[in-house]
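Take a look at the structure below.
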Amino acid sequence: LADSHSLDSSRYSIVGADLRFSSDLEEKLKKHNLDIHLPTLLVAECVLVYMTPQQSANLLKWAASTFPVAMFINYEQVNMTDRFGQIMIENLQRRQCNLAGVEVCRSLDSQRERLLLNGWETARAIDMMKVYSFLPQADVKRIEGLEFLDEKELFEQLMQHYCICWASKDSSNL
């Protein structure tokens, strides 16, 4: 079954919804028979930053209160108050791209606090440079050999301005 905003089969569903309105999202998910009692993974990739802090807070609260056992993973900008972050914001604004929620992207702590303040039991955040350091070094050397990186400082700055955050709640003690 397909329409202009969804694709549904017996094993997989893609649902389009405006995340600023959790009631719209919830209604569409119910139509696709989402079982909220199953452990659930929610992933956001550079999504929340385009919503106002209140809108993203509402979405996070809705998710935390809807799913008894869940994990939320968010990949997004961080450290946006330093000069590099300000240049990123200015470049996006020149393209008429407004980061309505950038104030929550001040630091790893602000990212983590957002999750905890909106109903998640545990939350962690690390920048992508830290993630890069966790990769197997043999693979990193092989990849760097394939793709010459002449601006290592720029790469490191960019990686320090994106993070991955994750939060969980587990009423079943899984």
Side-chain angles (χ1 to χ4, degrees), residues 3-7 13-131 157-172:
D3 64 36
S4 63
H5 300 295
S6 67
L7 177 62
S13 293
I14 297 174
V15 179
D18 188 334
L19 297 178
R20 296 173 299 170
F21 306 105
S22 54
S23 58
D24 177 45
L25 175 61
E26 187 166 13
E27 178 186 319
K28 289 180 178 183
L29 291 174
K30 282 180 180 174
K31 281 184 190 173
H32 292 270
N33 301 315
L34 174 70
D35 184 346
I36 62 165
H37 300 290
L38 290 175
T40 303
L41 174 64
L42 303 129
V43 180
E45 182 180 354
C46 294
V47 171
L48 302 181
V49 72
Y50 292 102
M51 303 165 74
T52 67
Q54 188 58 55
Q55 290 166 336
S56 65
N58 291 343
L59 178 65
L60 292 168
K61 280 180 198 161
W62 169 82
S65 65
T66 298
F67 301 98
V69 179
M71 177 175 256
F72 191 95
I73 298 174
N74 183 34
Y75 172 78
E76 191 167 62
Q77 291 89 340
V78 71
N79 299 323
M80 297 302 283
T81 57
D82 68 10
R83 186 66 192 131
F84 191 89
Q86 290 303 305
I87 290 170
M88 287 174 63
I89 292 168
E90 290 165 12
N91 287 339
L92 288 166
Q93 284 174 339
R94 274 197 291 277
R95 294 177 178 93
Q96 278 72 51
C97 187
N98 180 31
L99 301 179
V102 75
E103 69 186 67
V104 185
C105 301
R106 289 184 314 275
S107 66
L108 293 172
D109 284 339
S110 66
Q111 289 281 13
R112 194 171 38 250
E113 286 169 18
R114 165 173 51 179
L115 294 162
L116 294 172
L117 290 171
N118 288 295
W120 294 89
E121 294 168 1
T122 65
R124 301 227 13 233
I126 57 175
D127 71 38
M128 295 309 291
M129 203 59 223
K130 184 73 133 176
V131 171
Q157 279 187 310
L158 190 60
M159 296 289 270
Q160 290 164 355
H161 286 82
Y162 283 89
C163 69
I164 189 160
C165 316
W166 61 98
S168 63
K169 57 176 296 220
D170 183 5
S171 65
S172 301

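- Here the OH-CG distance, from Tyr50 to Leu92, works out to 5.5 Å after rounding to the nearest 0.5 Å.
- Remark: the backbone N or O of Val78 is not paired with any side-chain donor or acceptor of Gln160 at under 3.5 angstrom.
- Distance check, rounded to the nearest 0.5 Å: CG of Leu42 to CD1 of Ile73 gives 9.0 Å.
- Glu103 and Arg106 make their closest contact through O-NH1, 2.7 Å (heavy atoms, listed as atom of the first residue, atom of the second, distance).
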For residues 122-130, which side-chain N or O atoms pair as donor and acceptor with protein atoms under 3.5 Å away, sequence neighbours left out?
{"residue": "Thr122", "atom": "OG1", "partner": "Ser168", "partner atom": "OG", "Å": "2.7"}
{"residue": "Asp127", "atom": "OD1", "partner": "Met129", "partner atom": "N", "Å": "2.9"}
{"residue": "Asp127", "atom": "OD1", "partner": "Lys130", "partner atom": "N", "Å": "2.8"}

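- Lys169 places a side-chain N or O within donor-acceptor distance of the main-chain N or O of Phe67, the cut-off being under 3.5 Å.
- Of all non-hydrogen atoms in Gly85 and Asp82, the two that sit nearest each other are N-OD1, 2.8 Å.
- Between the Glu27 side chain and the Asp24 main chain, no donor and acceptor come within less than 3.5 Å of each other.
- The side-chain heavy atoms of Glu76 and Cys165, taken from C-beta on, include no pair separated by under 4.5 Å.
- When all heavy atoms of Ile36 and Pro68 are compared, the closest pair comes out as O-CD, 3.1 Å.
- Side chains of Gln86 and Arg83: a donor-acceptor N/O pair is absent below 3.5 angstrom, by distance only.
- Here the CG-CD distance, from Asn79 to Gln157, works out to 11.0 Å after rounding to the nearest 0.5 Å.
- For the residue pair Ser23 and Glu26, no side-chain donor N or O sits within less than 3.5 Å of a side-chain acceptor on the partner.
- The CG atom of Asp18 sits 9.5 Å away from atom CG of Leu25, with the distance rounded to the nearest 0.5 Å.
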Worked verdict on Gln55 versus Thr52 for side chain to side chain donor-acceptor pair (under 3.5 Å): CA-CA 5 Å; Gln55 290 166 336; Thr52 67; 3.2 Å; yes
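- Here the CD1 atom belonging to Ile87 is positioned 9.5 Å from the NE2 atom belonging to His161, to the nearest 0.5 angstrom.
- At distances below 3.5 Å, not a single donor-acceptor pair connects side-chain atoms of Trp120 with backbone N or O atoms of Arg114.
- The heavy-atom pair separating Ala100 from Pro53 by the smallest distance is O-CD, 3.6 Å.
- Using a 4.5 Å heavy-atom cutoff, the side chains of Met51 and Leu19 are in contact.
- Rounding to the nearest 0.5 Å places CH2 of Trp62 at 14.0 Å from CG of Asn118.
- Side-chain atoms of Thr66 do not come within 3.5 Å of backbone N or O of Ala64 as any donor-acceptor pair.
- Atom CD of Glu90 is surrounded by more than 12 heavy atoms from other residues, nucleotides or ligands within 6.0 Å.
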